[in-house]
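Remarks on the structure that follows.
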Amino acid sequence: MRQDFTIGIDCGSTTTKAVIFSKTGGIVGTGRRRVPQHTDEPRHVERDMHEAWQAVVEAVREALDVSGLSGEDIAGVGVTAHGDGLFVLDRSSQPLGRGIMSLDSRATEIHDEWKREGRLEKVVPIAGQRPYPYSATTLLAWMKRNQPDRYQAIGTVFFAKDWIRLCLTGEIATDLTEASTSFTDLYTQDYSDSILEVLDLREIRGALPKMLLSCDQGGTITAEAAGGPGQR
């Protein structure tokens, strides 16, 4: 078993790509699948989490077929995806509805309220930035107001890349890069209770997962994930 190759997976806002690299950085196989955006309601742009995972499976399979390799040749997998937005799981680690993408603008009115009330400026000294209408915090506030049962059922708050990691490894986590867009203290680089307090989201603290650094190993590919679609 050579394990001379790595796979990079990118779940973009329209297309999921998988690329297999050699040790020297050469590309030996690629695969891609389009992932539907669901716009059932005005200003809503969502992604079905199961469809997103299926697209990853198919893109990786295509890349392996093109390269003539098998999973046994792969030493590691790196995952990235579109940023911001909001992906939530229930307390059984199952998708709690569709993921909300950063193209979504449903929470604009809440963002405008926060601006008038001075909350955005209160967050800046803590986080070093203001929430945007498509930030996870703003979308959580929208959910709390408009879908309270769903909000109360949240067991995990994370992002698009984190869902793919969970499907690949069975591990729930995020990384500092993603978490820092909404939830972390600029100085401690840890989750900030003060941000949640300012934005009236304090009850969500227990749903924020462990944070990794972007270069940390996020888990090991499970036999179930290696076997193809049908999991989760």
Once salt bridge (Lys or Arg N to Asp or Glu O under 4.0 Å) is applied, do any residues pair with Glu113, and if so which ones, sequence neighbours excluded?
Arg145
Which is it for Ile154 and Ile204 under the side chain to side chain contact (heavy atoms under 4.5 Å, CB included) test, yes or no, and what are the steps along the way?
CA-CA 8 Å; Ile154 291 174; Ile204 212 69; 4.0 Å; yes
Side-chain contact, heavy-atom cut-off 4.5 Å: Val77 with Val79?
yes
Check the pair Leu86 / Val88 against side chain to side chain contact (heavy atoms under 4.5 Å, CB included), numbers first and verdict last.
CA-CA 7 Å; Leu86 176 67; Val88 293; 3.8 Å; yes
Taking all non-hydrogen atoms of both residues into account, name the closest pair between Ala63 and Ala18 and its distance.
CB-O, 3.8 Å
Flag side-chain contact, heavy atom, 4.5 Å: Leu64 against Ile74:
yes
Between CD1 on residue Ile172 and OG on residue Ser93, distance to nearest 0.5 Å
3.5 Å
Pairs meeting criterion ring pair (Phe, Tyr, Trp, His ring centres under 6.0 Å) with involvement of residues 123-149, two or more places apart
His44-Trp142, Tyr132-Tyr134
Angle between ring planes, His50 versus Trp163, binned at 30° and 60°: parallel, tilted or perpendicular?
perpendicular
With a 4.5 Å cut-off on side-chain heavy atoms, are Leu89 and Leu96 touching?
no
Looking only at non-hydrogen atoms, find the nearest pair between Phe158 and Ala173 and report the distance.
CD2-O, 3.9 Å
Got a list of side-chain donor-acceptor pairs under 3.5 Å for residues 26-35, not counting sequence neighbours?
residue : atom : partner : partner atom : Å
Arg33   : NE   : Glu58   : OE1          : 3.0
Arg33   : NH1  : Glu62   : OE1          : 2.5

Asp65/Arg61 salt bridge by N-O under 4.0 Å criterion:
yes
Any donor and acceptor pair, going by atom type alone, linking the side chain of Ser92 with main-chain N or O of Gln94 inside 3.5 Å?
no
I need the minimum non-hydrogen distance between Gly99 and Met49, along with the two atoms involved.
N-CG, 3.9 Å
Check the side chains of Thr24 and Ser22 for a donor-acceptor pair under 3.5 angstrom, ignoring hydrogens and angles.
yes
Is the closest side-chain heavy-atom distance between Gln217 and Thr220 below 4.5 Å?
yes
Can you sort out the partners of Asp190 under salt bridge (Lys or Arg N to Asp or Glu O under 4.0 Å), two or more places apart, ordered by chain and number?
none
Residues two or more places apart in sequence or in another chain: which of them pass side-chain hydrogen bond (donor to acceptor under 3.5 Å, both in side chains) with Asp104?
Arg106
Side chain to side chain contact (heavy atoms under 4.5 Å, CB included) assessment of Arg47 paired with Arg98
CA-CA 6 Å; Arg47 169 161 288 176; Arg98 294 171 179 161; 6.0 Å; no
State which residues pass side-chain hydrogen bond (donor to acceptor under 3.5 Å, both in side chains) with Arg91; sequence neighbours excluded, sorted by chain then number.
none
As an exercise, state the distance from CG of Asp4 to CG of Asp73, rounded to the nearest 0.5 Å.
8.0 Å
Does any pair with a residue in residues 167-226 pass ring pair (Phe, Tyr, Trp, His ring centres under 6.0 Å), and if so which ones, sequence neighbours excluded?
none
Give me each pair satisfying side chain to side chain donor-acceptor pair (under 3.5 Å) with a member in residues 168-182, each pair once, sequence neighbours excluded.
Lys161-Asp175, Lys161-Glu178, Asp162-Thr174, Thr177-Ser214
Do Ile100 and Val45 share a hydrophobic cluster (ILVMFWY, side-chain heavy atoms under 4.5 Å, transitive)?
no
Side chains of Lys17 and Ile9, heavy atoms from C-beta outward: is any pair under 4.5 Å?
no
At what distance, to the nearest 0.5 angstrom, does CD of Gln54 lie from OG1 of Thr16?
11.0 Å
By side-chain hydrogen bond (donor to acceptor under 3.5 Å, both in side chains), which residues pair with Glu121, not counting sequence neighbours?
Arg130
Say whether, by atom type as modelled, one donor and one acceptor occur between the side chain of His82 and the main chain of Ala160 under 3.5 angstrom.
no
Any side-chain heavy atom of Glu46 sitting closer than 4.5 Å to one from Thr39?
no
Cluster question for you: counting only ILVMFWY and a side-chain heavy-atom cut-off of under 4.5 Å, with indirect links fine, are Ile7 and Ile221 together?
yes
Connected via hydrophobic side-chain network under 4.5 Å: Leu69 and Val56:
yes
Is a side-chain donor or acceptor of Ser192 paired with a backbone partner of Ile195 at a separation under 3.5 angstrom?
yes
Salt bridge (Lys or Arg N to Asp or Glu O under 4.0 Å) filter on Arg205, not counting sequence neighbours, yields Asp193
Distance check, rounded to the nearest 0.5 Å: Thr80 atom OG1 versus Arg165 atom CZ?
10.5 Å
List in chain and number order the residues that pass side-chain hydrogen bond (donor to acceptor under 3.5 Å, both in side chains) with Arg119, two or more places apart in sequence or in another chain; answer none if no residue qualifies.
Glu117
Heavy-atom nearest pair, Ser194 first then Ile126, reads CB-CD1, 3.8 Å
Side chains of Thr14 and Gln37 in contact at under 4.5 Å (non-hydrogen atoms)
yes
Min side-chain heavy-atom separation Leu212-Leu176 under 4.5 Å:
no
For the hydrophobic clusters of this structure (ILVMFWY residues joined by side-chain heavy atoms under 4.5 Å, transitively), does one cluster hold both Phe21 and Phe5?
no
First locate atom NZ of Lys144, then atom OH of Tyr151, and finally report the distance between them rounded to the nearest 0.5 Å.
4.5 Å
Between Asp185 (side chain) and Gln189 (backbone), is there a donor-acceptor pair under 3.5 Å?
no
Search all heavy atoms of Pro131 against all heavy atoms of Trp114 and return the closest pair with its distance.
CB-CZ3, 4.2 Å
For Gly85 and Phe159, work out which heavy atoms get closest and say how close.
O-CE2, 3.8 Å
Does Thr137 offer a backbone N or O that forms a donor-acceptor pair with the side chain of Ser135 under 3.5 Å?
no
The criterion is salt bridge (Lys or Arg N to Asp or Glu O under 4.0 Å); which residues satisfy it with Asp48, sequence neighbours excluded?
none
What distance separates His111 NE2 from Ser105 OG, expressed to the nearest 0.5 Å?
12.5 Å
Just checking Glu203: does its CD atom have more than 12 heavy atoms from other residues, nucleotides or ligands closer to it than 6.0 angstrom?
yes
By the definition side chain to side chain contact (heavy atoms under 4.5 Å, CB included), identify the one residue from Leu199, Thr138, Leu139, Leu140 that meets it with Ile110.
Thr138
